[in-house]
Amino acid sequence: MRLSRFFLPLLKENPAEAQIVSHRLMLRTGMIRQQAAGIYAWLPLGLKVLRKVERIVEEEMARAGSIQLLMPTLQLADLWRESGRYEDYGQEMLRIKDRHDRDLLYGPTAEEAVTEVFRASVKSYKDLPLNLYQISWKFRDEQRPRFGVMRGREFLMKDAYSFDVDEASARKAYNRMFIAYLNTFSRMGLKAVPMRADTGPIGGDLSHEFIILADTGESAVFCHKDLVDMPAPGHDVDWNDLQGLVDQRTALYAATEEMHDEAAFGEVPEDKKLSARGIEVGHIFYFGEKYSKPMKATVNGPDGEVTVHMGSYGVGVSRLLGAIIEASHDEAGIIWPESVAPFDVAVINLRPGDEACDAACEKAYAALTAAGRDVLYNDTDERPGAKFASMDLIGIPWQLIIGPKGLAEGKVELKQRATGERQTALFDDVLNQLITGPKKIDA
RNA sequence: CGGGGCGUAGCGCAGCCUGGUAGCGCGUCUGCUUCGGGAGCAGAAGGCCGGAGGUUCGAAUCCUCUCGCCCCGACCA
């Protein structure tokens, strides 16, 4: 993408309404624009990151055996009356009437909708286990939206739903999501800690929130330090038996404010105690027959009809962008992890109009693009300083800096955004390294 | 939903108390000079001062209502 033809409305100054760093940076980098309280337009740069985050979620869901579908954002109130939630859900639910005066709602979640899909089509226990998910826009009419996309009213959420023949099988489904979540967040450069969460009326130990530690987090969290640096399980695991891995990550103390148990935390060795703030980016729970029973989602088993056991598993996709920025930024702007960066490389032409610079930049742009890299070619006639500042601001991981001075010796400069490291080397060498990877050039 | 605050140019703000022809910085546009870390000079465009009503000879300024937004708290993916 040539910057001169891209739509990137950067703000030099901080918008007054943005209080926290991710919100400020998302506005300043032209990722989003607020159109109402808690409702945002996703501008091209923001959308690119959103898509990359989605892609990772999709890949990890596929690995865990979940199948994607897409359900409507507007749901019939009657469906929610079946589960009893239409009356229970408060003002957070946006209620709408259509021209025939039928009650609709903009879905804040989709247990009823997916249960309806399930019961209409699945009749045999042989079709279980089943895990269906979607990535779609949800709406919760928050009394007080804030922190940009971290707590908007309209938000993009991945919600998966598992269907199993009994609780033991449902626990396995739960474990698959548990492990998938650790892998998902890890791929985005985040350290997510699973913390025991409130299970509501169901009880038991099957609900966890996945928390990213960040100073600006919404809630206080308490955990054993070792959990924070525990590596993600990766993909080489036995998806049919994950209990060991899950146990390993739930054995140590970890709880959010609401679930905090001072006595239990007291047993954590003093030097391992961690009190911090956190952002919830995922929430998984098992709720058994809560929806399947009233909505009559049953299958025929060998011994007759059984009501299916369900669980649901959410990831705040749009919220994740805020969380990633909270966890990865500096004074100059965003530092995108390579896996979700809107562009892989920025080619910076320091002297557009200079024949040698133009030619070298075009060559780099073409070669990197052909190699599958997502390239932002800064071909504008801004001054170098302004270009450096904006490329740092939007956080492209690698900046290929091409100017007349270096080029006179056949050299260009490669800067890594995360470390600030800048190295000068022969043009072709730098290009090769960017194309073949590892992208970091040797000192 | 309680408490507080703010709506004046694309962004950040002053002006309001004490009514009298709407300002500053950044950005934008033109030109010249610049050009390796957010350039300099000269010029220009851009605002029914959130909306409605009222008071007044006269309202951005005072009064009433209303809409929107932000912050603290309670609530929440």
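Both backbone and side-chain heavy atoms feed into the values below; hydrogens, waters and symmetry mates do not. Order of the sequence lines fixes the chain letters, A, B, ..., with proteins taken first and strands second; residue numbering starts at 1 for each chain.
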What about [X], does its side chain sit under 3.5 Å from the base of [N] through a donor-acceptor pair?
X        : N     : answer
A/Arg144 : B/G4  : no
A/Arg151 : B/C75 : yes
A/Glu13  : B/G27 : no
A/Asp392 : B/G37 : yes

By nearest heavy atom, map A/Gln34 and A/Glu209 onto RNA chain B; which one lands nearer the 5' end? A/Gln34
Of A/Ala332 and A/Glu17, the one whose closest nucleotide on RNA chain B sits nearer the 5' end is A/Ala332
Counter-base of [N], judged by Watson-Crick or G-U geometry with both distances under 3.5 Å:
N     : result
B/C41 : B/G31
B/G2  : B/C72
B/G36 : none

Within the structure shown, what part of the strands sits under 4.0 Å from [X] by heavy-atom distance: base, sugar-phosphate, or nothing?
X        : result
A/Gln91  : nothing
A/Asp159 : nothing
A/Gly90  : nothing
A/Gln143 : base
A/Glu413 : base
A/Gly403 : base
A/Gly152 : base
A/Arg351 : sugar-phosphate
A/Ala36  : sugar-phosphate
A/Lys158 : nothing

Taking the six-membered ring of A/Phe343, is the NZ or CZ of A/Lys48 close enough (under 6.0 Å from the centre) and on axis enough (within 45°)? yes
Proximity to the side chain of A/Glu92 - top-ranked nucleotide from B/C35, B/C75, B/C11: B/C75
Between the side chains of [Y] and [X], is the shortest nitrogen-to-carboxylate-oxygen separation below 4.0 Å, so that they form an ion pair?
X        : Y        : answer
A/Lys138 : A/Asp159 : yes
A/Lys415 : A/Asp392 : yes
A/Arg422 : A/Glu413 : yes

Distance between the [atom1] atoms of [N] and [M], in whole angstroms?
N     : M     : atom1 : answer
B/C62 : B/G47 : C1'   : 23 Å
B/U8  : B/A77 : P     : 35 Å
B/C49 : B/U61 : C1'   : 10 Å

So, is [X] near the phosphate of [N], with a side-chain N or O under 4.0 Å from OP1 or OP2?
X        : N     : answer
A/Arg146 : B/C72 : yes
A/Arg319 : B/A77 : no
A/Lys12  : B/G38 : no

A/Tyr181 and A/His283 aromatic centres sub-6.0 Å: no
Among A/Phe285, A/Phe178, A/Tyr313, the one residue meeting ring-ring contact (aromatic ring centres under 6.0 Å, His included) with A/Phe210: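 Passing option: A/Phe178.
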Check whether the aromatic ring of A/Phe388 stacks on the base of B/G38, taking stacking as ring centres less than 5.5 Å apart and planes within 30° of each other. no
